[in-house]
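Below you'll find the structure, written out as structure tokens, and then a few comments.
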There are 2 protein chains.
Amino acid sequence: MMQAVPSYTLPGTTIDVLKARCATCSMHQLCLPMGLDMGDMDKLDKIIGRRRKVAKGDVLFRIGDPFTSLYAIRLGHFKTYQINAGGEEQVTGFQMGGELLGMDAISTDKHYCSAMALEDSEVCEIPFSSLEQLLVDMPTLLRHFHRMMSQEITREQSVMLLLGNMQATQRFAAFLVNLASRYEARGYSATAFQLRMSREDIGNYLGLTIESISRLLNKFKKLGLLTVSNRELQVLDLPRLKAITAGTEVCA
Amino acid sequence: MMQAVPSYTLPGTTIDVLKARCATCSMHQLCLPMGLDMGDMDKLDKIIGRRRKVAKGDVLFRIGDPFTSLYAIRLGHFKTYQINAGGEEQVTGFQMGGELLGMDAISTDKHYCSAMALEDSEVCEIPFSSLEQLLVDMPTLLRHFHRMMSQEITREQSVMLLLGNMQATQRFAAFLVNLASRYEARGYSATAFQLRMSREDIGNYLGLTIESISRLLNKFKKLGLLTVSNRELQVLDLPRLKAITAGTEVCA
DNA sequence: CGATTGGTTGATCCCCATCAAGCCACGTGG
DNA sequence: CCACGTGGCTTGATGGGGATCAACCAATCG
């Protein structure tokens, strides 16, 4: 059966190009096209290679892969991770809709981390050389692209702060508060969401073990800060979680 | 006494603009002007606000300062650090000649960390708005600027790996190997250099205490990996240090 | 059904923080 | 000159936070 327009439902293929435009994408206030007028947005649309589905557990790119494109997340969640010499993973971040993957690869033309979909997801492939050409004609895009790279730098600095001088409880609180604020920025509930990542991924990311994460969830539950069942999470006392994150509240 | 050309020797003032040009700067193969032809390099020279001296212990910018400029290090060393809610420092990096300071501030127009000179240093002030205008006309500069931002991202990812799943010994070895390679890239000895930062700064950066750093130095000394007297350091067995970093060698 | 995957809970242990004392070089003032 | 303080660092003794080990549970799947 032939299809004039690539099907949305066939995994691994491109997505219906009619539906998938920056202007109609719910992420366009956060993503690269932020602040662009319709004309500029169209130009950006034109260079986007393809809009791909990535199934849960599939790897979008792997450490060492040659770098050609950045990927903007339309839908879904990813984790990025490095592999150390011993072959163990270190999760370096969790990404969601509107965020950009692959910026670390620009410096060496090789991907410096791997990116795996935590659920069925969709991304826009942005060939980097085309993007750079576009940047020259679109100051607004240039500006926002730089902001997004800079944001990645500050995000990582926060994680360094977290790993460098926070205790387990504080780390985990910071993690939850961070998720909450990102969901809020996307118009979702800041207090009710599901964890798309396993306890193992969370622990790895926070420099803790899976057992510690389990205990911390339990601790917070007992303190009345949240309820959790499997991966469904409800934050009951966000202000106090924030206080713990800030170190204001010690939390016995 | 009037001076036609700002004196090089007056602290806090601009530096002799005749001597201080990208083309004659020893860092120009690493720094922003990498790969530029003479014409482009001149254009870059023209937008550089001033070349400043920063005395040891002085702060170049502070968290929360409004962002106007990036700073390229001509000479000397800096540390960058964040302050957590409790008022404690977290060192996020050590920077040396040819590296760029302030890229984290682009996203919010405010500095996200503070930068302090570890010794008497010199920087080139690069007004960011001028730089962005220049980028439009100079693809080579655009490319390299993106590479430098990306490099900062990968650098921080490495630190996340370090803080997230390395033991103290491994962290410290990684720190030394990193310094060695950066000095080598600058044409200095990879095996003999002085630590410009205090034990306290090192410990803070690596998520360890000052006592641990002291013990680790001693341990490495006993293992014949290095000699150290005060801040003067001599690496005796770089390959083995690298092996420890990689986790190949366990190091009892 | 058994096997497997992901998570919880308890017992024990160890790495590194913490606490404490002391060393050394330096500056300062009597 | 010494007495004194101070900052940066070293060294030793002790303790704790979280890792590790182990058992168990629940859901899913062939």
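What you see is a predicted model, and the numbers here were worked out from it, not measured in a lab. Letters A, B, ... are given to chains in the order of the sequence lines, protein chains preceding strands, and every chain is numbered from 1.
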When every nucleotide of nucleotides 24-30 of chain D is labelled 5' to 3' by its protein contacts under 4.0 Å (heavy atoms), B for base, S for sugar-phosphate only, - for none, what sequence of letters results?
-------

In B/S/- notation, 5' to 3', how is nucleotides 11-21 of chain D contacted by protein heavy atoms closer than 4.0 Å?
BBB----SSBB

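Listed by chain and residue number, Leu226(B), Val228(B) satisfy the side chain to side chain contact (heavy atoms under 4.5 Å, CB included) test with Lys221(B) (two or more places apart in sequence, or in another chain). In this structure Asn84(B) satisfies the side chain to side chain contact (heavy atoms under 4.5 Å, CB included) test together with Leu161(A), Asn165(A), Glu88(B), sequence neighbours excluded. Scored by the side chain to side chain contact (heavy atoms under 4.5 Å, CB included) test, Ala105(B) finds Phe67(B), His111(B) as partners (sequence neighbours excluded). For Tyr183(B), the ring-ring contact (aromatic ring centres under 6.0 Å, His included) partners are His77(B), Phe193(B), not counting sequence neighbours. Thr191(A) pairs by the side-chain hydrogen bond (donor to acceptor under 3.5 Å, both in side chains) definition with Ser189(A), not counting sequence neighbours. The ring-ring contact (aromatic ring centres under 6.0 Å, His included) test applied to Phe78(B) returns no partner, not counting sequence neighbours. Every residue meeting the side chain to side chain contact (heavy atoms under 4.5 Å, CB included) condition with Glu184(A), not counting sequence neighbours, appears here in chain and number order: Ala190(A). Every residue two or more places apart in sequence or in another chain that forms a salt bridge (Lys or Arg N to Asp or Glu O under 4.0 Å) with Glu99(A) is listed here: Arg182(A), Arg186(A).
Nucleotides of DNA chain C with any atom under 4.0 Å from a heavy atom of chain B span, from 5' to 3', dC16(C) to dA20(C).
Of all the residues in residues 197-205 of chain A, Ser198(A), Arg199(A) reach under 4.0 Å from DNA chain C with at least one non-hydrogen atom.
Going from atom CZ of Phe172(B) over to atom CE of Met166(B) covers 14.0 Å, rounded to the nearest 0.5 Å. Separating the CD atom in Glu152(B) from the CG atom in Asp104(A) is a distance of 12.5 Å, to the nearest 0.5 Å.
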Could you give me the CA-CA distance, side-chain angles and deciding distance for Tyr112(A) and Ser150(B), then say whether side-chain hydrogen bond (donor to acceptor under 3.5 Å, both in side chains) is met?
CA-CA 10 Å; Tyr112(A) 195 72; Ser150(B) 175; over 6 Å; no

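Using a 4.0 Å heavy-atom cutoff across all strands shown, Arg171(B) reaches no nucleic acid atom at all.
For the salt bridge (Lys or Arg N to Asp or Glu O under 4.0 Å) with Glu119(A), the lone residue among Lys53(A), Lys79(A), Arg196(A) that qualifies is Arg196(A).
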